[in-house]
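What follows is a short report on a single structure.
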Protein chains: 2
Amino acid sequence: MLDLAILGLLHEQEQHGYEIRRRLRDELGLFANISFGSLYPALSRLEAAHAVTVIESSGGAAAPSMPFTGSLSGERAGLRARRAGTPRGTKRSRKVYRITDQGRRLFEQLLDADERPGADDARSFGLRLAFARHIAPQARLALLERRRAQLTRRLATDQVRASGDTLDVYTRSLVEHSTEATEHDIAWLDRLIESERLKQPAPRSENREPHTGDAVTATKGTSP
Amino acid sequence: MLDLAILGLLHEQEQHGYEIRRRLRDELGLFANISFGSLYPALSRLEAAHAVTVIESSGGAAAPSMPFTGSLSGERAGLRARRAGTPRGTKRSRKVYRITDQGRRLFEQLLDADERPGADDARSFGLRLAFARHIAPQARLALLERRRAQLTRRLATDQVRASGDTLDVYTRSLVEHSTEATEHDIAWLDRLIESERLKQPAPRSENREPHTGDAVTATKGTSP
DNA sequence: CCAACGATATATCAGTTCGATATATCAATG
DNA sequence: CATTGATATATCGAACTGATATATCGTTGG
C-alpha cells in the first residue's frame, strides 16, 4: 500500500524520501506520520523491483537531465552556500528517486488491481481517490462504486450488531455513531458518483438504473 | 492493542481463541476480522506474561471449578454426542483462557496509560470506549476529552491542508469530507461528554467553563 | 566565536499485525 | 461414506510502527 503512495507521488515529480514523507503527511493526510521504518524499506523494495531509480545521491555533480521546475535549489549547494542567499537549501546527502516506465506500469496495476477488502480499507480507498485523476473515467467510477458497495455491506453488519441487546451504553453509542458515519460516507460517495456520471455519457447503459440512496434510506426503514 | 481487547473480553468471561475472534468481530466491530496470526501469538504472549491461564485444554475431564453460566455446553461432549440432542457443541480441542489477577491489573493499566497518539488512534479509542464501563467515571471523562482534543488538533491540520490550492478535485473532496467527518465525531463526543458530566457532580470545578462547540463552530469562522 | 539545539536526512531494529496456509475434528450434505 | 463446510489452533513471511542511531546544516544565544 505504501508502494502505491510512493509511486503516486513520484509519478508527478522526482523526490527524496524525507520529502515524500512530508507530502504524505501534509497533502494526502492519509498516513498521518508514516514511519521511516516503513518508508525507506519501501523505497529499497521499489528500487530492487526496478520501479524507481536513484537520480542523485549527494550534493556533488551529476545534475539530472531534466532541470525540474520544482521548489528547491538542490544542485551543488553546500559549497560556499555559507552566507549568500538560498535561505532554504540542500541539507545533507539526499537520495533523489525517479519513477521508471516499469514503475509507472506497476502504479497503474496497483491502482485498480490490488484492492483487497481488508482491515484497513478506508486508507486504501482514500489513497486511490487521491490519485484518481491518473486513471480512466470508467475505472474511477468503478472505484467509487466498489467503495459504495463495501460501505453498504458494512452498514448491514453494523445494524445486525446494533439490533442485539447485549451491548452496554458506550458500545451501543459507538456502534450507532459508526453507523451514522458510514451513512454519511455513502451520501458523500453518491455525490461523487453523480458528479462522475455527469462528466461521462453513461458508458453502456441498459440494465442501469439510478440507485442513489437505496441503502442509505433503507437504514431508516428496514425495521418493521 | 490486541492485548487490551483480549483482556477486555476475558474480563467478562473465560473463552477460547476462536470465540474471542467472533466476539471481536460481531460485538466490538473494531478489528473487522482479526487475523489468527495476531490472535494466537497474542494469547501466547499474555500467557507468558501470566496475564491469562489456560483452564481447559481438550474435551476431556478437568471441568473448571467455576461452572460458568455461559452459553454453550462444552464439558465432556464429543463422546457419544453422535445422534442425540446437543445441536451446537464442543468442536475439537479448544484452549479456554481465563484472566488472572495480574491480567486484570494489566488491563486497567493498558486502559488509561498506553494511549499513544499514533496512526491508528480511532481504533484505539473505540476499543477503550467499548470497555469504558470498567473504568472510573473520571477516567472515562478524561478519555473522552483526550479524544476530543486529538480530533480538534486534526481539524486544525485538515484546514491547513484544505487551504492550499495545490489539491486536485478528488483530493480536495477527500479532505473536505474528512473534515466534516471529524466535526461530526467531535459533536458526538460533546454529547457523550455532556452525558458523563450529568452523571457526576463536576469533580473539582473552578477554571472549568463549558467548552461545548468551540472548535466545531470555529471551523466556520477562522478564515478572515 | 562556538556550543547547543532543532530541522533535515537516511538507516536499522525489535515488536505487532496481517494474509496465507497447514492441520485436525466434527456436522451436514448428498 | 466421501465431500464439503464450520470450528479450532498454529505458523510463516511480509509489512508497518516506534524507537533509536548517525550525520549534516542552520539558528540561537551565552
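A, B, ... follow the sequence lines: proteins, then strands. Residue 1 opens every chain. Quick caveat: nothing in here was measured; it's all calculated off a predicted structure.
- What separates CG of D3(A) from C1' of dA15(D) is a distance of 9 Å, to the nearest Å.
- For the pair R21(A) CZ and dT10(C) P, the interatomic distance rounds to 11 Å; values are reported in whole Å.
- In this structure, R123(B) atom CZ and dT16(C) atom P are separated by 15 Å, rounded to whole Å.
- Summarising the geometry, the separation between CG on L43(B) and P on dA8(D) is reported as 14 Å, rounded to the nearest angstrom.
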Check nucleotides 12-14 of chain C for protein N or O atoms closer than 3.5 Å to its own N or O atoms and list the pairs.
| from | atom 1 | to | atom 2 | distance (Å) |
| --- | --- | --- | --- | --- |
| dT12(C) | O4 | G37(A) | N | 3.3 |

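- Ion pairing between R148(B) and E145(B) fails under the 4.0 Å rule for side-chain N and carboxylate O.
- Listed by chain and residue number, H184(B) satisfy the side chain to side chain donor-acceptor pair (under 3.5 Å) test with E180(A) (two or more places apart in sequence, or in another chain).
- Rounding to whole angstrom units, NE2 of residue H16(B) and P of dT7(D) are separated by 10 Å.
- Contacts of R140(A) classified as salt bridge (charged side-chain N to carboxylate O under 4.0 Å, His left out), with partners at least two apart in sequence or in another chain: E196(A).
- Side-chain atoms of R45(A) lie closest to dA15(D) of the nucleotides dT10(C), dA15(D), dT17(C).
- Legend: residues meeting side chain to side chain donor-acceptor pair (under 3.5 Å) with R23(A), ordered by chain and number and at least two apart, are E12(A), Q15(A), E27(A).
- The distance from atom CZ of R22(B) to atom P of dT9(D) is 13 Å, rounded to the nearest whole Å.
- Protein atom CZ of F31(B) is 17 Å distant from nucleotide atom C1' of dG19(C), rounded to whole Å.
- Residue L39(A) is out of contact with every strand shown, counting any heavy-atom pair closer than 4.0 Å.
- Among K95(B), R94(B), R98(B), the single residue meeting the salt bridge (charged side-chain N to carboxylate O under 4.0 Å, His left out) criterion with E14(B) is R98(B).
- For K95(A), counting side-chain heavy atoms from C-beta on, the closest listed nucleotide (dT17(D), dA11(C), dT9(D)) is dA11(C).
- Residues satisfying the salt bridge (charged side-chain N to carboxylate O under 4.0 Å, His left out) criterion with R105(A), sequence neighbours excluded, are absent altogether.
- With sequence neighbours excluded, the residues that form a side chain to side chain donor-acceptor pair (under 3.5 Å) with R45(B) are D3(B).
- The separation between I20(B) atom CD1 and dT17(C) atom C1' is 17 Å, rounded to whole Å.
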